[in-house]
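Report on the structure given below.
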Amino acid sequence: MPVTITIIYNRLFDTYGPQGWWPLLEHDGSNPTRTGDIGGYHPENYRLPETQRQQFEICIGAILTQNTAWMNVEKALHNLDNINAISAERLLELSDDTLKDAIKPSGYFNMKAKKLQGFATFWLELGQRTPKRDELLAVWGIGPETADCMRLYAWQEPDFVIDAYTRRILEHLRCIPADADYDETRAFCVDGLEPTVPVYQECHALFVEHAKRHYARRPLADPLLG
DNA sequence: AACCAGGACGTGA
DNA sequence: TCACGTCATGGT
């Protein structure tokens, strides 16, 4: 009996419950918010984002979190918020040095400053429209995962997100071959899973939560070793 | 104190 | 196509 994505999803959801992604700096507090080291989650509220500001925040967060711990991204987002730069117009008004300084905690600040400026320009050209996946991929600095994150969380389009954690888990469970690429991994996830935005959002977030707990690359420091 | 984090791009073979 | 180097800060 092969392990299907449905079985995995149901077990993860039973274990961890709704994750409330994508985390936002601020949102309607009437909905339950996960407390802990990192705020901003909004379990069971699938109506976010409700403003263009939140939509833009998700997009730049998706860029800033490339190969970077979310905690560091949060610092960068707070810095940008403090200079009122969570908006395409304001972000483009910043000098390179000001922008780099604000996002420094998220690492790769030279690259990411360029990526944010490129995306902000694209955002303004886009207007109110929902970007197609290919349009996002054509923007320098936006690859498959970032594009899917933007569409799934910022624009509520049912694009399944594959990240390193998802690959690691599915490979370990022998659901996909070791050399599976993005699209092959995505095909496994999409096949059999209810193609709705809430399910896709939760599934991605649940993979991350599960991997953080059980798929660390190396064991955590053991006090026995001094 | 090394190891790695919610990737993407440029390069050479 | 593809394997590999580069980008960089901060938590554990």
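All values derive from a computational prediction rather than experimental measurement. Note: hydrogens, waters and symmetry copies are ignored here, and every other heavy atom, side chains too, is used.
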Exercise. Among B:dA8, B:dG6, C:dA8, which nucleotide sits nearest the side chain of A:W21?
Worked result: B:dG6

Exercise. If you measure from the ring centre of A:W70 to the centre of the six-membered ring in the base of B:dG6, is it under 5.5 Å, with the planes under 30° apart?
Worked result: yes

Exercise. Which part of the nucleic acid does A:I63 contact within heavy-atom distance under 4.0 Å: base, sugar-phosphate only, or nothing?
Worked result: nothing

Exercise. With a 4.0 Å cut-off on heavy atoms, is A:K112 in touch with a base, just the backbone sugar-phosphate, or nothing at all?
Worked result: nothing

For this session: Quick one: label A:F109 by what it contacts on the DNA or RNA (base, sugar-phosphate, nothing), any heavy atom closer than 4.0 Å.
Result: sugar-phosphate

Exercise. If you measure from the P atom in B:dG6 to the same atom in C:dC4, how many Å do you get, rounded?
Worked result: 24 Å

Exercise. Within this structure, what is the OH-to-P distance between A:Y215 and B:dC3, rounded to whole angstrom?
Worked result: 23 Å

Exercise. OP1 or OP2 of C:dA8 sitting under 4.0 Å from any side-chain N/O of A:N110?
Worked result: yes

Exercise. Of the nucleotides B:dG10, C:dG11, B:dG7, which has the atom closest to the A:E145 side chain?
Worked result: B:dG7

Exercise. Any side-chain N or O of A:R168 less than 4.0 Å from the OP1 or OP2 oxygen of B:dA5?
Worked result: yes

Exercise. Can you find a side-chain donor-acceptor pair between A:E202 and A:Y46 that sits under 3.5 Å?
Worked result: yes

Problem set entry | Minimum-distance nucleotide to A:T65 side chain [options: B:dA8, B:dG6, C:dT12] | B:dG6

Exercise. To the nearest angstrom, how far is A:Y108 atom OH from B:dC4 atom P?
Worked result: 13 Å

For this session: Apply the test salt bridge (charged side-chain N to carboxylate O under 4.0 Å, His left out) to residues A:R53 and A:D81: give CA-CA distance (whole Å), side-chain angles for both, the deciding distance (0.1 Å), then the verdict.
Result: CA-CA 11 Å; A:R53 180 207 143 87; A:D81 190 28; 3.2 Å; yes

Exercise. Which nucleotide in the list C:dG11, B:dG10, C:dC7 gets nearest to the side chain of A:N72?
Worked result: C:dG11

Problem set entry | Residues A:K114, A:D96; criterion salt bridge (charged side-chain N to carboxylate O under 4.0 Å, His left out); working and verdict | CA-CA 9 Å; A:K114 200 176 302 178; A:D96 287 8; over 6 Å; no

Seminar exercise, completed: A:M111 CE to C:dT9 C1', in whole Å, measures 15 Å

Exercise. Mapping A:Y153 and A:L137 to their closest nucleotides on DNA chain B, which lands nearer the 5' end?
Worked result: A:Y153

Seminar exercise, completed: Rounded to whole Å, the NZ-C1' distance (A:K114 to B:dG10) equals 12 Å

For this session: Decide whether A:T98 and A:S95 meet the rule of one side-chain donor and one side-chain acceptor closer than 3.5 Å.
Result: yes

Exercise. Using atom P of each nucleotide, how far apart are C:dG5 and B:dC4 to the nearest Å?
Worked result: 16 Å

Exercise. With a non-hydrogen cut-off below 4.0 angstrom, is A:T146 in contact with a base, only sugar-phosphate, or nothing?
Worked result: sugar-phosphate

Exercise. Is the A:W21 ring parallel, tilted or perpendicular to the A:Y41 ring (thresholds 30°, 60°)?
Worked result: tilted

For this session: Flag the pair A:E135 and A:R129 as a salt bridge only when some basic side-chain nitrogen lies within less than 4.0 angstrom of an acidic carboxylate oxygen.
Result: yes

Exercise. Between the base of B:dG7 and the side chain of A:Y165, is there any donor-acceptor pair under 3.5 Å?
Worked result: no

Problem set entry | Same-atom distance (C1') from C:dT12 to B:dG7, integer angstrom | 22 Å

Seminar exercise, completed: With the side chain defined as heavy atoms from C-beta on, A:W140 is closest, among B:dC9, C:dT12, B:dG6, to B:dC9

Exercise. Considering only the P atoms, how many Å lie between B:dA8 and C:dG10, rounded to the nearest integer?
Worked result: 22 Å

